[in-house]
Amino acid sequence: MIKLQDVCKTFYLGDQAVHALDHIDLDVHKGEYLSVMGPSGSGKSTLLNMLGLLDRPDSGSYQLADTETAQLPEVERAELRSQYIGFVFQAYHLVPRLNARENIELPMMLAGVKAAERRKLADDVLTRLGLAHRAEHLPKQLSGGERQRVAIARAIVRKPTILLADEPTGNLDSHSGEEVMLMLEQLNREGITLFMVTHDAKLGARAHRHLVMVDGQIVEDSSTQGTD
Amino acid sequence: MIRNADIIQFSWQVLIRHRFRSVMMLLAMALGVASIVILTALGEGARRYVLGEFAFLGSDVLIMLPGKKETTGGLPPLTGTAARDITLQDVEQLSHRISAIGDIAPLVMGSAEVSFKQRSRNITVLGSTDALIAVRQLKLAQGRNLDVIDVDRASDQCLIGQTLKAELFGSDTVIGSWIRAGDYRCRVVGVLQGRGDAFGMDLSDSLIMSVAAAQRLFDSPGLFRVMMKIRPGYDIDDAKARVTALMKDLHQGEEDVTVISPDAMLSTFDDVLGAMTLGVGAIASISMVVAGVLIMNITLISVSQRTEEIGLLKALGARAVDIQQLFLVEALMTTVIGAAIGLTLGLSIVALARLAFPEVPFYTPAWAILSALSIALIAGLGFAWGPAKLASQLLPVNALYRRK
């Protein structure tokens with residue numbers, strides 16, 4: 001599903017080079033549940049952005065669903081993103097002027113899905129995530145947990161193969177955090193490949209495969225359970 | 001691929017939910033379009049007003065005035081400085097020897113105090129003949145025209161305008177009454193109809209007497225103007241050449257008069273005033289450029305404020321062209337709505353101005369409306385293009401996390 005080979009990404013802070021990804025090799029199969037842990041600045045988020053085709057590697061190869069993406073034109077990368085990838089961000093990234101339903105409809109709108117069908121699919125996923133009664137509410141009228149559930153709804157409404165979650169519970173209290181985790185894990189059980197970046201060792205331990213990054217390198221890649 | 005209807009709806013939501021910003025852009029665009037509509041209406045109104053002032057002469061009238069300017073083309077001299085006056089003998093010669101001339105009206109003009117009983121008034125007094133009515137296309141409301149007499153004979157008849165009649169006579173009988181104009185006494189035989197404004201002169205507040213009488217009144221042997229109506233079927237340019245040639249003969253070979261045809265004068269005025277309308281339109285277009293720059297700035301601010309949103313849309317699968325379209329459609333909507341408001345506002349103000357000043361024919365030409373809308377569209381879209389392109393080219397990760 002995902003194959004990274006010798007991927008490098010370097011940022012420059014003034015004259016100083018920071019190797020965010022330093023010769024990364026990684027194979028991920030469909031349906032895996034991975035956590036990525038490591039200290040701040042270790043390259044976790046850069047790895048996630050790379051996997052989500054939000055950023056390009058300086059060198060190396062990244063194959064997604066057997067398509068080499070590193071040199072792919074932006075328009076085709078957008079198409080792959082739309083087709084395969086869902087994002088859940090720590091800061092939710094909901095559009096403040098759109099209500100919950102409209103936020104969930106966004107990826108479908110960008111993919112050219114008709115309004116009536118969009119609304120039905122959005123309502124289905126809202127119901128599934130227990131947010132049907134909040135469909136017309138703006139993000140500022142929702143709690144942190146509800147916002148993240150709306151973000152998850154938006155991420156899964158197009159039925160992506162891969163879900164990339166960057167600190168999905170980082171801004172939530174423990175109860176809301178647990179609810180969100182259970183939701184993500186349910187999606188993984190249904191076959192979605194779940195990639196989660198976290199600082200929280202307990203959350204990280206819930207994944208089946210654990211990556212630990214330090215200074216842009218994967219220093220540990222261990223499994224506690226086979227893939228489903 | 002994002003559907004057109006969704007682009008429109010999404011952009012509409014942005015406009016509605018960022019009201020202040022949208023209103024500012026609409027205002028700039030509306031004022032730009034309105035200023036073009038109003039200023040060109042003023043220019044065109046002035047053009048039509050001036051042309052209307054000369055239109056009473058018709059295209060079959062020649063005007064001769066003393067003095068000769070060496071330059072050709074352009075406006076005729078308003079006051080001639082001639083060595084030799086145009087006399088009534090000249091008028092008689094013209095009338096007899098040039099068959100193209102139908103009615104011929106010599107004109108003497110001055111100012112005199114006119115009185116009737118205890119009432120008096122200082123007004124313009126014209127000296128002419130019965131032909132003036134035909135040449136100037138005047139109409140009589142009461143009474144009759146001056147008698148047909150030899151031009152060099154002073155008669156005691158006169159015509160008066162409506163204002164003069166109202167001021168001097170009130171409810172008294174007019175026709176047949178004797179009035180005094182300076183040292184001269186005349187009998188009113190007719191009252192002119194309407195205002196008869198022309199050249200800034202209000203004929204309704206004037207008196208017309210026989211030309212010989214006016215010459216004596218003002219002690220002026222020379223004529224101020226001679227107006228000639230050319231008979232149907234005769235070429236006006238040919239008639240003009242004949243008049244000029246005959247006057248040269250009569251004045252011992254000296255070409256010391258200017259003969260003008262209203263058509264040539266109108267054409268010059270038309271050119272000058274048309275250029276003025278175009279000029280004020282061009283000046284007003286600058287406001288559209290200012291509106292365009294404002295749209296560019298506001299779109300740039302919008303791109304800056306919505307950088308994360310752009311990153312998010314890209315993360316959710318939007319292509320660069322989708323992002324560009326979203327911003328351009330937003331600018332297009334602002335332009336179209338703003339232009340429509342400006343057009344309505346401008347045309348309403350022009351309509352109000354027509355009501356307030358009915359004598360000036362304010363009118364926005366179709367070309368000005370089309371230009372205003374085209375310039376609005378070009379300015380709106382042209383200036384939004386750069387910021388929209390900038391937004392579309394942002395790297396998703398940089399936009400999403402606001403990285404440089």
Side-chain angles (χ1 to χ4, degrees), chain A residues 9 11-13 20 45-56 73-99 102-118 138 151 154-155 157-158 160 164 166, chain B residues 1-23 301-327 329-330 333 388-404:
Chain A
K9 182 74 183 179
F11 295 112
Y12 290 89
L13 296 173
S45 292
T46 305
L47 177 62
L48 211 67
N49 292 334
M50 206 61 72
L51 294 174
L53 301 173
L54 297 179
D55 208 351
R56 287 178 190 270
E74 191 50 43
V75 63
E76 290 179 42
R77 286 162 64 87
E79 180 59 34
L80 280 177
R81 269 199 300 275
S82 169
Q83 195 178 344
Y84 289 103
I85 298 166
F87 292 94
V88 177
F89 305 101
Q90 180 180 0
Y92 323 125
H93 283 295
L94 299 176
V95 179
R97 66 175 179 277
L98 303 181
N99 65 31
E102 289 167 338
N103 265 290
I104 294 166
E105 285 186 28
L106 264 183
M108 294 187 283
M109 183 192 87
L110 294 168
V113 179
K114 285 184 179 170
E117 192 183 345
R118 281 201 316 253
L138 293 173
R154 182 182 62 194
V157 74
R158 289 263 293 149
L164 303 173
D166 192 359
Chain B
M1 203 172 83
I2 188 164
R3 302 163 75 86
N4 289 340
D6 288 327
I7 292 180
I8 292 169
Q9 195 192 359
F10 191 83
S11 303
W12 180 248
Q13 275 180 333
V14 173
L15 289 182
I16 291 294
R17 295 182 189 175
H18 291 91
R19 280 195 192 88
F20 183 73
R21 200 175 69 194
S22 306
V23 167
I301 293 169
S302 173
V303 169
S304 169
Q305 285 174 340
R306 291 165 62 195
T307 300
E308 284 178 44
E309 183 185 321
I310 294 164
L312 173 74
L313 293 176
K314 289 201 158 190
L316 298 180
R319 302 163 305 162
V321 66
D322 297 330
I323 302 291
Q324 195 173 4
Q325 276 181 354
L326 288 174
F327 279 94
V329 168
E330 205 180 308
M333 282 180 165
K389 187 82 183 163
L390 189 76
S392 73
Q393 287 176 337
L394 288 172
L395 197 63
V397 68
N398 291 349
L400 196 57
Y401 299 109
R402 285 188 167 274
R403 282 187 203 149
K404 296 286 179 190

Considering only heavy atoms, which portion of [X] lies under 4.5 Å from any heavy atom of chain B: side chain, backbone, both, or neither?
X	value
Leu80(A)	neither
Arg118(A)	side chain
Asp166(A)	side chain
Arg154(A)	side chain
Gln83(A)	neither
Phe11(A)	side chain

Only pairs of heavy atoms separated by less than 4.5 Å count here; which of [options] has the most with chain B?
options	value
Ala115(A), Ser82(A), Gly112(A)	Gly112(A)
Met108(A), Lys114(A), Arg158(A), Glu76(A)	Lys114(A)
Ile85(A), Leu53(A), Leu94(A), Leu98(A)	Leu98(A)

*Between Arg3(B) and Glu117(A), is the closest basic N to carboxylate O distance under 4.0 Å?*
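Not counted as a salt bridge, because no side-chain N and carboxylate O are separated by less than 4.0 Å.
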
*Looking only at atom types and distance, does a side-chain atom of Arg97(A) sit under 3.5 Å from a main-chain N or O of Gln13(B), one as donor and one as acceptor?*
no

Atom group of [X] that falls short of 4.5 Å from chain A, counting heavy atoms:
X	result
Val321(B)	neither
Ala320(B)	neither
Leu400(B)	both
Leu313(B)	both

Under 4.5 Å between any side-chain heavy atoms of [X] and [Y], yes or no?
X	Y	value
Leu312(B)	Tyr92(A)	no
Arg17(B)	Pro96(A)	no
Pro396(B)	Arg77(A)	no

*Can you tell which of His18(B), Lys314(B), Gln9(B) has the highest number of heavy-atom pairs within less than 4.5 Å of chain A?*
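If we count pairs closer than 4.5 Å to chain A, Lys314(B) comes out on top.
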
*Count the heavy-atom pairs under 4.5 Å between each of Ile7(B), Val14(B), Leu395(B), Asp322(B) and chain A, then report the option with the highest count.*
Val14(B)

*Closest approach of Leu110(A) and Ala318(B), non-hydrogen atoms and distance?*
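Scanning both residues completely, I find the closest heavy atoms to be CD2-CB, 3.7 Å.
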
*At their closest point, which heavy atom of Ala315(B) faces which heavy atom of Phe87(A), and how far apart are they?*
O-CE1, 3.2 Å

*Report the distance from atom CG of Asp55(A) to atom CG of Asn398(B), rounding to the nearest 0.5 Å.*
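CG of Asn398(B) is found 7.0 Å from CG of Asp55(A).
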
